[in-house]
Q: 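Can you keep this structure in mind? I'll have questions shortly.
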Amino acid sequence: MHSRTHRARAARRRARRRCWLGALALVGVACGAPPADAPAPSPARANATTTTTATEPSCESGYLFTLDGHGYAPRVLSMRGAPDAPQAGDVVIVEGIRMVLGPPGTYEYRVGPARGGAIERRDELGAWRLVGLTVSSGAGAPGVHTFTSAMFAALPKEEVQGLRGLVLETWGEDNPGLRAIDPARTFVSLEHERLVFRELFTRAPIIPPELPESLEYLGLHLGVPSAAASGLDVTKRRVVEFKEFLARGSRLHSLRFLALRGSGGSILGDETVAFDIRPLLARDTLEYLELDGLADIGAAPFSERVGALPALRVLDVSGDRNLAAIDFVAQLPQLQRIELRDTGVTSLDGLSGHPALERVIADGSPVAALPGSPPSRLQELSLLQAEPTVPAEARAWFERAAPGVLRTDWGGRLRETLRCATRLRVRSGGLCHRRRADERTLFESAEPSATQELISLLAVNGSARGFHCMCCGSPSLELYRGARLLAALGFHHGLSLRWHGWPGDAALEPEQRARLCTWLSSHGVDGACGDAARHVAEAERGPE
């Protein structure tokens, strides 16, 4: 799984851009078009100069990841803003658990067969060691094993110290296991949202934990009670307790990575459900800040606090459609990467002339104005949209000022990722709700020529993209460099592709679509395009 909030963002995209797949593939209807009153781009500044040029990434990597014996490409959250070049200290997401990455090497993961909610890694002697763990309140659904607080407390100290990721769906103030973690190498995630809804069924008090003051990696999922539940005394008590916990956040004097997720509730004002997270931001040490699904991010008290983080190198405010102004970025002199996916930002002019910014990712946002003066170190400005919103003249000027930096071509993004591919595999199943034990390899080849032939068939239709099919796709196309997985794509109904590097699905060009179906059939992959004709016929009839 690649998101951190990947599932939540996908759900939001589906709600915003739910389109009829057959119609998209045939007539090129695109979802997510910019509003008619989108502002025009700001004029280029007269004194802007060509100061930046993109560099070509290397094909080599010091890391090799597998999961349950298969090639795996976990999402990397890079402390230096370069997820394609991971380093020790970065964060990887494996089966929903965030873990701190160690030095380069082979990372063979498996879902713990004997312990529910566990991720294990094979060490250099071949033994499996616990590295990721989810601690729950008790028994889960029938047949689903869970790891309880009592089991966590009983773990040997050396095993707890080996954890690189810990998810707490429940907690207690005094838990010896929590005190034994390595605070510099363990990502601790607190699932407060799940705790809130459990309180509807139990009145047992659960006091927020005392975290190690030297903790460096922290994630919080802030639960906002529903209107029906917010009146319950037990829920009010839970909110008060967690507010007190957040107020103690200023004690975390070594915090480097902070990920805050929410359910759209206020984080500044309302007396019953608001969570003031500003104490957590009072850290000169903070290098990576992720904010997702929280209201008030664009409010002055909040943006002023974010703008006062002198060491911040990565800022991710993706998913906030209420965020429009990013002028506070000028106050972050060390910022190297900013993620603005699926926001309400229409202008990037606030990034003009930034001294350190290297990567700007604004996929799925209605950006209509580019920086009037490209940041001098800018290597990438990704603007993958369902429909272009930046005028052609402004794009042309920016490309002259910053050659090779602007990314607007969906197919180009995929080709760039696959340029080093040497091997392919076609497997059953899709990219979500995976059951790896049931998946089968339908075709594979280590011939670079066969790999390049497949890549040549993945031509994206420029007028039919940005939608989101409701299924997981089948089969899946995996492209490798040696044993390292570069990309996995889900093939949907013989018509479109899904890839985590795009802000939505993309239809194939009609001619390439037919050729890909023929190519799959010729290699023994039958049925991949069997329902394409039905979808075409439905599109011709129109919605009923």
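All residue numbers refer to positions in the sequence shown, counting from 1. On a predicted model such as this, the values are computed, not experimentally measured, just so you know.
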Q: Tell me if a side-chain donor or acceptor on D90 pairs with a main-chain N or O of M79 at a distance below 3.5 Å.
A: yes

Q: Give a yes or no answer on whether the side chain of T285 reaches the backbone of L255 with a donor-acceptor pair at less than 3.5 Å.
A: yes

Q: Search all heavy atoms of W410 against all heavy atoms of L384 and return the closest pair with its distance.
A: NE1-CB, 3.7 Å

Q: Kindly give the heavy-atom pair with the smallest separation between R425 and T441, and that separation in Å.
A: NH1-OG1, 3.4 Å

Q: State whether D363 and R341 are salt-bridged, where the test is any N-O pair (Lys NZ or Arg NE/NH1/NH2 against Asp/Glu carboxylate O) under 4.0 Å.
A: yes

Q: Are side-chain heavy atoms of S214 and H253 found at a separation under 4.5 Å?
A: yes

Q: My understanding is that only residues two or more places apart in sequence, or in another chain, count here; which of them pass ring-ring contact (aromatic ring centres under 6.0 Å, His included) with H523?
A: F443, W519

Q: If the test is salt bridge (charged side-chain N to carboxylate O under 4.0 Å, His left out), which one of R121, R129, R122 qualifies with E108?
A: R122

Q: Any side-chain heavy atom of L479 within less than 4.5 Å of one from L489?
A: yes

Q: Determine, stepwise, if the pair R251 / E213 fulfils salt bridge (Lys or Arg N to Asp or Glu O under 4.0 Å).
A: CA-CA 6 Å; R251 301 178 187 175; E213 292 187 359; 5.3 Å; no

Q: Salt bridge (Lys or Arg N to Asp or Glu O under 4.0 Å) between E60 and R484: does it pass, once the steps are laid out?
A: CA-CA 10 Å; E60 303 306 320; R484 178 163 59 95; 5.4 Å; no

Q: Before you tell me yes or no, could you show the steps for R110 and W128 under side-chain contact (heavy atoms from CB on, under 4.5 Å), namely the whole-Å CA-CA distance, both residues' side-chain angles and the distance that decides it to 0.1 Å?
A: CA-CA 9 Å; R110 72 175 181 179; W128 291 99; 3.3 Å; yes

Q: Run R75 and H500 through side chain to side chain donor-acceptor pair (under 3.5 Å) and show every step you take.
A: CA-CA 9 Å; R75 185 159 183 236; H500 79 87; over 6 Å; no

Q: Check whether any side-chain heavy atom of L477 lies under 4.5 Å from a side-chain heavy atom of L520, and answer yes or no.
A: yes

Q: Identify the heavy atoms of L312 and L332 that sit nearest to each other, and give their distance.
A: CD2-CD1, 4.0 Å

Q: Any side-chain heavy-atom pair from L431 and S476 closer than 4.5 angstrom?
A: yes

Q: Just so I know, are the side chains of F147 and L155 near enough to count as touching, which here means a heavy-atom distance under 4.5 Å?
A: yes

Q: I'd like to know whether R256 forms a side chain to side chain donor-acceptor pair (under 3.5 Å) with Y217, so could you lay out the CA-CA distance, the side-chain angles of the two residues, the decisive distance to 0.1 Å, and finally the verdict.
A: CA-CA 6 Å; R256 299 176 60 207; Y217 299 83; 3.2 Å; yes

Q: Can you check whether L418 reaches T451 side chain to side chain, under 4.5 Å on heavy atoms?
A: no

Q: Looking at every heavy atom in both L163 and G132, which two are closest together, and how far apart are they?
A: CD2-N, 4.0 Å

Q: Backbone N or O of T186 within a donor-acceptor pair of the D182 side chain at under 3.5 Å?
A: no

Q: Decide side-chain contact (heavy atoms from CB on, under 4.5 Å) for R80 and E287; before the verdict, give the C-alpha distance in whole Å, the side-chain angles of both, and the deciding distance to 0.1 Å.
A: CA-CA 9 Å; R80 290 168 176 77; E287 300 173 39; over 6 Å; no

Q: Atom CD in Q336, atom CZ in R313: separation rounded to 0.5 Å?
A: 5.5 Å

Q: Nearest heavy-atom pair of A180 and K157: which atoms, and what distance?
A: CB-CG, 4.1 Å

Q: Once disulfide (SG to SG under 2.5 Å) is applied, do any residues pair with C471, and if so which ones, sequence neighbours excluded?
A: none

Q: Minimum heavy-atom separation for L335 to L315, with atom names?
A: CD1-N, 3.8 Å

Q: First locate atom CH2 of W502, then atom CG of L497, and finally report the distance between them rounded to the nearest 0.5 Å.
A: 5.0 Å

Q: Begin from the C-alpha positions of V135 and L166 and carry the test side-chain contact (heavy atoms from CB on, under 4.5 Å) through to its verdict.
A: CA-CA 8 Å; V135 179; L166 175 63; 3.9 Å; yes

Q: Mind checking the NE2-CG spacing from H221 to L190? Nearest 0.5 Å is all I need.
A: 12.0 Å

Q: Heavy atoms, side chains only, cut-off 4.5 Å: are L178 and L211 in contact?
A: yes

Q: I'd like to check F491 versus V426 (side-chain heavy atoms, cut-off strictly below 4.5 Å). Are they in contact?
A: no

Q: Do D68 side-chain atoms and V111 backbone N/O form a donor-acceptor pair below 3.5 Å?
A: yes

Q: Going by salt bridge (charged side-chain N to carboxylate O under 4.0 Å, His left out), name the pairs with one or both residues in residues 489-503, residues two or more places apart or in two chains.
A: R498-D505

Q: Hey, mind stepping through R415 and D409 against side-chain contact (heavy atoms from CB on, under 4.5 Å) and telling me if it holds?
A: CA-CA 10 Å; R415 289 191 297 273; D409 179 10; 3.1 Å; yes

Q: What pairs with Y107 under ring-ring contact (aromatic ring centres under 6.0 Å, His included), at least two apart in sequence or on another chain?
A: Y63, F65

Q: Return the CG to CZ distance between D342 and R321, rounded to the nearest 0.5 Å.
A: 5.0 Å

Q: Please enumerate all residues that pass side-chain contact (heavy atoms from CB on, under 4.5 Å) together with R359, with sequence neighbours excluded.
A: A82, R337, E380

Q: Among L77, V314, L258, V91, which residue meets the side chain to side chain contact (heavy atoms under 4.5 Å, CB included) test with E290?
A: L77

Q: Taking only residues two or more places apart in sequence or in another chain, which ones pass ring-ring contact (aromatic ring centres under 6.0 Å, His included) with F187?
A: F257

Q: Hey, what do you get for CD1 (I338) to OG1 (T343), rounding to the nearest 0.5 Å?
A: 8.5 Å

Q: Taking atom CZ of R185 and atom CE of M99, what is their separation to the nearest 0.5 Å?
A: 13.5 Å

